[in-house]
A.B. asks: 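One structure is given below, represented as structure tokens, and several questions about it will come after.
Just so we're on the same page: letters track the sequence lines, and every chain starts at 1.
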Number of protein chains: 2
Amino acid sequence: MTTNVETISKTCIAVRLRLLNRVVTNLYDDALRPLGLKVSQLNILVVTARLGLARPAKVCDLLHLDTSTLSRNIKPLQANGWLEVVPEEDARAQPFRLTAQGKQLIEKAVPAWEEAQRQATELLGRDGVAQLAKAAKKLRKPGVEI
Amino acid sequence: MTTNVETISKTCIAVRLRLLNRVVTNLYDDALRPLGLKVSQLNILVVTARLGLARPAKVCDLLHLDTSTLSRNIKPLQANGWLEVVPEEDARAQPFRLTAQGKQLIEKAVPAWEEAQRQATELLGRDGVAQLAKAAKKLRKPGVEI
DNA sequence: GGTTATTAGTTGCATATACAATATAATTCA
DNA sequence: TGAATTATATTGTATATGCAACTAATAACC
């Protein structure tokens, strides 16, 4: 007989995805630690670099992040001088962009990112990486691209 | 020419995995919200149910969770009366187990879990789910099973 | 033009996560 | 047996995450 507990324990997608997320996040965070940077922060910096002028709502659409989360996450990036908020005509908007230091930091982080990416690729395998890309692609919102 | 920023943006495993983690976690959390339960909490309750008497270190090995994280995560579960700490000979140990209410909650959560699991399966696809299982299996530590 | 609706972000609150440092207890070993 | 080591978990600090409620400003509408 298979109990509900056994079923959830052995098949739950959230359990596995969250576990894998912890492990992989730690791979990148370990590699990036000498730079005083976390992979969650590098993500935001890279998206910002791609956008040039980054509007919070757009970044949140791209990353499927709650706006309140981004609002707080950019604070330490600002405090470290990696990005800056740019005033605009629309007084509600709080777009931000990379600073020169932020750009330099991304370039400095590339070797560490490559090493973590290598480890993550090894863990997931070619097929795992492909499936991940496929799922992420499914989640792209129309018109929200970089 | 492909810049470093473009490469990271388009290929980073952590970016995609973390994004997918947010989306899938929200699927389950939305489904479980009427029960006042989050999927992270359900995970811990289910592991506890499987173990009977759950030792923090063992749970952390199973879930690849930092012990300090678990130490704090069980607090609200205790406060809600879903699990209880059981004293033991070894005064350092703080093993815990489900309460009757905790068991009932899991059973009550099954339909919501099933619906979220259905949605997550649809998002990841058969192959995606299989790849996820494969990666999670790779992370099992020897002797740490349930 | 003034009221209403919409849009853009922030703040309050709760939980999740991990590293570093700590506390405490059990074990080892000289 | 007493000191050093090891094991188990918690606390301090910082970041990540999202919901609900809020503020402020723009747009829409009558």
A.B. asks: Distance alone, cut at 3.5 Å: any donor-acceptor contact between the side chains of B:Arg18 and A:Thr25?
C.D. replies: yes
A.B. asks: Counting the atoms with a prime plus P, OP1 and OP2 as sugar-phosphate, which does B:Glu89 contact under 4.0 Å by heavy atoms, base, sugar-phosphate, or nothing?
C.D. replies: sugar-phosphate
A.B. asks: Tell me which of B:Ala91 and A:Leu70 sits closer to the 5' end of DNA chain C, going by the nucleotide each one is nearest to.
C.D. replies: A:Leu70
A.B. asks: Ignoring hydrogens and angles, state whether a donor on the side chain of A:Asn4 or B:Glu107 is under 3.5 Å from an acceptor on the partner side chain.
C.D. replies: yes
A.B. asks: Rounded to whole Å, please give me the gap between CG in B:Leu17 and P in D:dT17.
C.D. replies: 12 Å
A.B. asks: In whole angstroms, how far is the P atom of C:dA20 from the CG atom of B:Asp66?
C.D. replies: 10 Å
A.B. asks: Once you round it to whole Å, what is the distance between P of D:dC19 and NE2 of A:His64?
C.D. replies: 13 Å
A.B. asks: Please give me the minimum heavy-atom distance between A:Arg140 and A:Glu145, naming the atom from each residue.
C.D. replies: NE-OE1, 3.8 Å
A.B. asks: Determine the contact category for A:Asp29: base if any of its heavy atoms lies under 4.0 Å from a base atom, sugar-phosphate if only primed atoms, P, OP1 or OP2 are that close, otherwise nothing.
C.D. replies: nothing
A.B. asks: If you find the nucleotide of DNA chain C closest to A:Pro95 and the one closest to B:Ser68, which residue's nucleotide is nearer the 5' end?
C.D. replies: A:Pro95
A.B. asks: Do the side chains of B:Lys38 and B:Leu32 get nearer than 4.5 Å, heavy atoms only?
C.D. replies: no
A.B. asks: Do the side-chain N and O atoms of B:Tyr28 and B:Gln119 include a donor-acceptor pair separated by under 3.5 angstrom?
C.D. replies: no
A.B. asks: Charged N to carboxylate O under 4.0 angstrom, B:Glu114 versus B:Arg118?
C.D. replies: no
A.B. asks: Closest approach of B:Ala31 and B:Ala112, non-hydrogen atoms and distance?
C.D. replies: O-CB, 3.4 Å
A.B. asks: Can you find a heavy atom in the side chain of A:Val46 that is under 4.5 Å from one in the side chain of A:Leu42?
C.D. replies: yes
A.B. asks: What's B:Asp30 touching, base or sugar-phosphate or nothing? Going by heavy atoms closer than 4.0 Å.
C.D. replies: sugar-phosphate
A.B. asks: To the nearest Å, give me how far apart CG (A:Leu63) and C1' (D:dT17) are.
C.D. replies: 13 Å
A.B. asks: What integer distance in Å separates B:Glu88:CD from C:dT24:C1'?
C.D. replies: 16 Å
A.B. asks: What are the two closest non-hydrogen atoms of B:Leu98 and B:Glu84, and how far apart are they?
C.D. replies: O-OE2, 4.3 Å
A.B. asks: N/O contacts under 3.5 Å, protein versus nucleotides 14-16 of chain D?
C.D. replies:
unit_1	atom_1	unit_2	atom_2	d
D:dA16	OP1	A:Ser40	OG	2.4
D:dA16	O3'	B:Arg18	NH2	3.2

A.B. asks: Without decimals, in angstroms, what is the distance between A:Arg33 CZ and D:dT13 P?
C.D. replies: 19 Å
A.B. asks: So which protein N/O to nucleotides 3-8 of chain C N/O distances come out below 3.5 Å?
C.D. replies:
unit_1	atom_1	unit_2	atom_2	d
C:dT7	O2	A:Arg92	NH1	2.7

A.B. asks: Check the distance between C:dT17's P and A:Asn21's CG and give it to me in whole angstrom.
C.D. replies: 9 Å
A.B. asks: In whole angstrom, what separates B:Lys75's NZ from D:dT10's C1'?
C.D. replies: 7 Å
A.B. asks: Between C:dT17 and A:Asn26, is there an OP1 or OP2 to side-chain N/O distance shorter than 4.0 Å?
C.D. replies: no
